[in-house]
Amino acid sequence: MTNSTNSLQPVSSSERFVVLDALRGFAILGICMANFPEFSLYTFLEEGVAELMATAGIDRIAKYFLSIFIDGKFYSIFSLLFGIGFSIIISNALRKGVNAFRIFYRRMFFLFLIGFLHLILVWSGDILMLYALMGMILPLFTRLSDKGLITWAAVLLFLPVIVDFVCESLGISLSKNLMELQWYYCGQYGITADNFAYWLRDAQNYNDVLKFLVQGAFERMQEFVDGNRYFKVLGLFLIGYYIGRNKIFANLESRRSWLIRLSKTGWFVGLPLSIVYAYSSIEGHPWGWGVHSLLYFISVYITSFGYIATFCLMYLKFRNGWCWKVLAAPGKMALTNYIGQSVAGMFIFYGIGLTFGASTGLIYVELIAIGVFIVEIIFSISWTRFFRFGPLEWIWRCCTYGRLFSIGRQVT
């Protein structure tokens, strides 16, 4: 058994599970729909301005649709899938007799670097940096029993509720300093409350975009703190690690009855609670931030797991359906497609592109998001016909393993 990292290879196509790639592709669609309201600058518009749009009536319906069915759910699925992927990386390394955690930490370092470049050069809504940082903590939990993993996951997922109730009762803002830094840099660049929603649409050059991204980086950190994202992400990683370690996706048929129960819980419990959560989100948290956080906990995760269970049941019933390969193609290139959505958003909505930002109704924004995902499907299917890895996946793997992998498929 060798101790050289050169003996380690990325997971081969024969080792992949189509259902995981398809689920990852499904998550990429949801993330695109969740993120494009911010790319389009619709999120930043004052309520009165949005209500003057011709699509204002249907946009309000679209807001509720997104809050009920999309917000939080697909980010949770994506996070859980990252946890599964981390378990595969670690087990793959251990099986081949190399220093698993050295490879893992190198992988996390380069993911952090990709996320950092994404944050400061493309879009302030990056999640990859947080994934990398929480991923670095994950090995601390690998020696836990399955019960220990689930217990810690439950504690981490519920901890934001406690934090929010405490902060609300004491009148504490944990992100106050970050907010002050954000507006300090806004002041340095001339970004004000009046032009905030229009700055990127009116950007004359890339330098103007970079100015907005500087303050946006602090705003993103503020969102992480206010949303207790680090607890949520790590909790979901642990559940994903549990699923991957026990190879639950390797034999879904034996877990059909369990999947049915989980699916029913998601639709008949999680979804009604998501309607209440949506009302709280859109109406400005009328019952307070702590209650809103509790609603998130009891609606988003239950619904997310219900989505996953339903997806797996559909896969078992229609295993040979063409849709799985269609969704699996962008799922295999999730990193490339995630970053690609940001580049597409810049081009479509910012002043350095087509300047559609801050003037497009939410319903059209979502149709554009679906269109972008369709383009990503076509690109991914075409790319994977000739190449083994997506372009960013290939770069990430080469940096991680310290060697140049062949990217092209062998012609037989």
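Everything numeric in this text was worked out from a predicted model, so none of it was measured.
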Query raised in the report: Does D146 pair with R245 as a salt bridge, N-O distance under 4.0 Å?
Result: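 Result for this pair is yes, salt bridge flagged.
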
Query - Salt-bridge contact R220-E38 (side-chain N to carboxylate O under 4.0 Å) - result: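 Answer for the salt bridge query: no.
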
When rounded to the nearest 0.5 angstrom, what is the spacing between [atom1] in [X] and [atom2] in [Y]?
X    : Y    : atom1 : atom2 : result
F78  : L236 : CZ    : CG    : 12.5 Å
I162 : F297 : CD1   : CZ    : 9.5 Å
L138 : L133 : CG    : CG    : 13.0 Å
M333 : I381 : CE    : CD1   : 10.5 Å
L213 : E219 : CG    : CD    : 11.0 Å
K73  : M33  : NZ    : CE    : 12.5 Å

Exercise: identify the closest heavy-atom pair between [X] and [Y]:
X    : Y    : answer
I298 : L273 : O-CD1, 3.2 Å
P37  : L66  : CG-CD1, 4.1 Å
M108 : F86  : CE-CE2, 3.3 Å
Y131 : V233 : CD1-CG1, 3.7 Å

Is the charged tip of [X] near the ring of [Y]: under 6.0 Å from the six-membered ring centre and within 45° of its axis?
X    : Y    : result
R107 : W396 : yes
K232 : Y296 : yes
R106 : Y401 : no

Query raised in the report: Hey, what's the ring geometry for Y338 with H118, parallel, tilted or perpendicular (30° and 60° as the breaks)?
Result: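 Aromatic pair Y338/H118 classed perpendicular.
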
Query raised in the report: In terms of the angle between their ring planes, are F44 and F196 parallel, tilted or perpendicular, with boundaries placed at 30° and 60°?
Result: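 Aromatic pair F44/F196 classed perpendicular.
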
Query raised in the report: Are F224 and Y230 an aromatic pair by the rule of ring centers under 6.0 Å?
Result: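 When the ring centroids of F224 and Y230 are compared, they turn out to be at least 6.0 Å apart.
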
Query raised in the report: Do F74 and Y307 have ring centroids that are under 6.0 Å from one another?
Result: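 Between Y307 and F74, the centre distance is under 6.0 Å.
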
So, the side chain of [X] versus the backbone of [Y]: is there a donor-acceptor pair under 3.5 Å, distance only?
X    : Y    : value
Q215 : F212 : yes
W394 : R388 : no
E168 : G290 : yes
N205 : D208 : yes
T55  : I58  : no
K63  : A278 : no
S293 : W289 : no
W183 : T192 : no
D126 : L128 : yes
S263 : L259 : no

Query raised in the report: So, do W267 and T310 sit near enough that their side-chain heavy atoms are less than 4.5 Å apart?
Result: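 Touching, per the 4.5 Å side-chain cut-off.
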
**Report entry** Flag if over 12 foreign heavy atoms under 6.0 Å of CE, M314
**Finding:**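 It does not: M314 CE has 12 such atoms or fewer within range.
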
